[in-house]
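What follows is a set of notes on a single structure, which appears directly below.
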There are 2 protein chains.
Amino acid sequence: MADGPGGGGQRGETLLFLTDEQLRKAIEAMFFAYKGFTADPDRILEARGYGRAHHRAVHFIHRSPGTTVNNLLAILGVTKQSLNRVLRSLIEDGLVESRIGTRDKRERHLFLTDAGEALERELGTAQRARMRDAFRHAGPEAVAGFRTVLEAMMDPEMRRRYQGLVESGQ
Amino acid sequence: MADGPGGGGQRGETLLFLTDEQLRKAIEAMFFAYKGFTADPDRILEARGYGRAHHRAVHFIHRSPGTTVNNLLAILGVTKQSLNRVLRSLIEDGLVESRIGTRDKRERHLFLTDAGEALERELGTAQRARMRDAFRHAGPEAVAGFRTVLEAMMDPEMRRRYQGLVESGQ
DNA sequence: ACTTTTATGTCAGCCTTGTTGACATTGCTA
DNA sequence: TAGCAATGTCAACAAGGCTGACATAAAAGT
């Protein structure tokens, strides 16, 4: 009972006394933080006539070069029609290249062109800068806690996918 | 140098060695977690023919009953036309009540009706349950870190607004 | 060999939710 | 009384979700 705010014991099966009020604050924090999280890329994208959907596509193609359309669909969790609209404009603008698969010729493998990499760098640099500043202000223990909570908040399937991405790089 | 991943010293002016790789993981965690964060409310809203914008309006009216339209505009960060569309449907459906201000009769003070409170409860319960589960799995230190990082990630103006909300309840 | 399934692309149309610009009303304030 | 503030509303547009339907090519199964 002398555990400080939130009470508790060990990680994993902790007994936390969380009031609705505390949870509501966390919910609002998530809302406001996500606004900040997307603010910088949004500004850059707007100048180019792109939106958040383009950013997501560029990001995941950059981090997994050669990924297939189906892979991307699963990660982004949108319909192929929605993704295709975005992908088409990126290909037309010369930011993404789509190569027919060698093993399976039905698949399209997606790559960023030099121009695509340049945009990714611009977006990623801005977003990482914000994240880095937040991390520096919060300190290392906070960063660890942040990642832990975020992972616990994901849908199980997304968490699996996220952790798969983290470990294997594909 | 035996500080574990991320290195570092004390909070506030910590020296963190953050690789782009680590930051990219955090960025993806934020993306996937936000999906989970909104997933449950989205399902409930869809059944009622509402969207996320309705949820946000209902949430902030619930937490600050009697708030004005201008207040809500500032918190949500959208145009009045966009908010008005959502607000109008909520009022028409009898979830929100708009009362003319007594001191300043130009202002409209917004309240949830019983039906509005019922919807808020349904949405809030689902979202808090997810947050609570995530917090329990992560443990108290993680929760503190989570909140700290989120706050640091907000735009300064939004952080001011958020902290104002937290402390005064208005 | 034939059939089915898979991967992808595309067209059309709809919805929510954001935007800008213009304009009207009411009421506070200088 | 003039001007500014708070709100509502109309119109038009864009991004990015969605569904449904259909087409093609290639792999896989029988």
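Residue numbers begin at 1 in each chain, while the letters A, B, ... track the order of the sequences.
Taking only side-chain nitrogens and oxygens, S82(B) never comes nearer than 4.0 Å to OP1 or OP2 of dT17(C). A close approach under 4.0 Å does not occur between any side-chain nitrogen or oxygen of R56(A) and OP1 or OP2 of dA15(D). At least one side-chain nitrogen or oxygen of N70(A) sits closer than 4.0 Å to the OP1 or OP2 atom of dT8(C). At the phosphate of dT19(C), OP1 or OP2 sits under 4.0 Å from a side-chain N or O atom of T79(B).
For Q81(A) against dG13(C), no side-chain N or O and base N or O form a donor-acceptor pair under 3.5 Å. One N or O donor and one acceptor, one from the side chain of R106(A) and one from the base of dT6(C), sit under 3.5 Å apart.
The one candidate from I44(A), V86(A), L123(A) that meets the side chain to side chain contact (heavy atoms under 4.5 Å, CB included) condition with H55(A) is L123(A).
Inspection of the E117(B) and H62(B) side chains reveals an N or O donor paired with an N or O acceptor under 3.5 Å.
Shown here for G139(B) and L16(A), the closest heavy-atom pair between the two residues is C-CD1, 4.4 Å.
One can place CG of L87(B) at 16 Å from P of dA6(D), the figure rounded to the nearest angstrom. To the nearest angstrom, C1' of dG9(C) lies 13 Å from CD of E92(A). Distance K105(B) NZ to dC4(D) C1': 19 Å, rounded to the nearest Å. Across the protein-nucleic acid pair, E46(A) atom CD and dC13(D) atom P stand 19 Å apart, rounded to whole Å. If you measure from atom CD of E107(B) to atom C1' of dA5(D), you get 10 Å, rounded to the nearest angstrom. One can place CG of L73(A) at 9 Å from P of dG9(C), the figure rounded to the nearest angstrom. Distance, K80(A) NZ to dA12(C) C1': 14 Å, rounded to whole Å. As a whole-Å value, the separation of R108(A) CZ from dA25(D) P is 10 Å.
Candidate nucleotides dG9(C), dG27(C), dG18(C) were compared by shortest atom distance to the side chain of D104(B), and dG27(C) ranks first.
Here the side chains of D155(A) and K35(B) are not in contact, with every heavy-atom distance at 4.5 Å or above. A 4.5 Å side-chain heavy-atom check between F60(B) and L76(B) finds at least one atom pair inside the cut-off.
R85(A) comes within 4.0 angstrom of a nucleotide base, judged by non-hydrogen atoms across all strands. Nucleic acid contact class of H54(A) (heavy atoms, under 4.0 Å, all strands): sugar-phosphate only.
Two residues, R52(A) and V69(B), neighbour DNA chain D, and the one matched to the more 5' nucleotide by heavy-atom proximity is V69(B). Judged by closest nucleotide on DNA chain D, L110(B) is the one of L110(B) and L83(A) placed further toward the 5' end.
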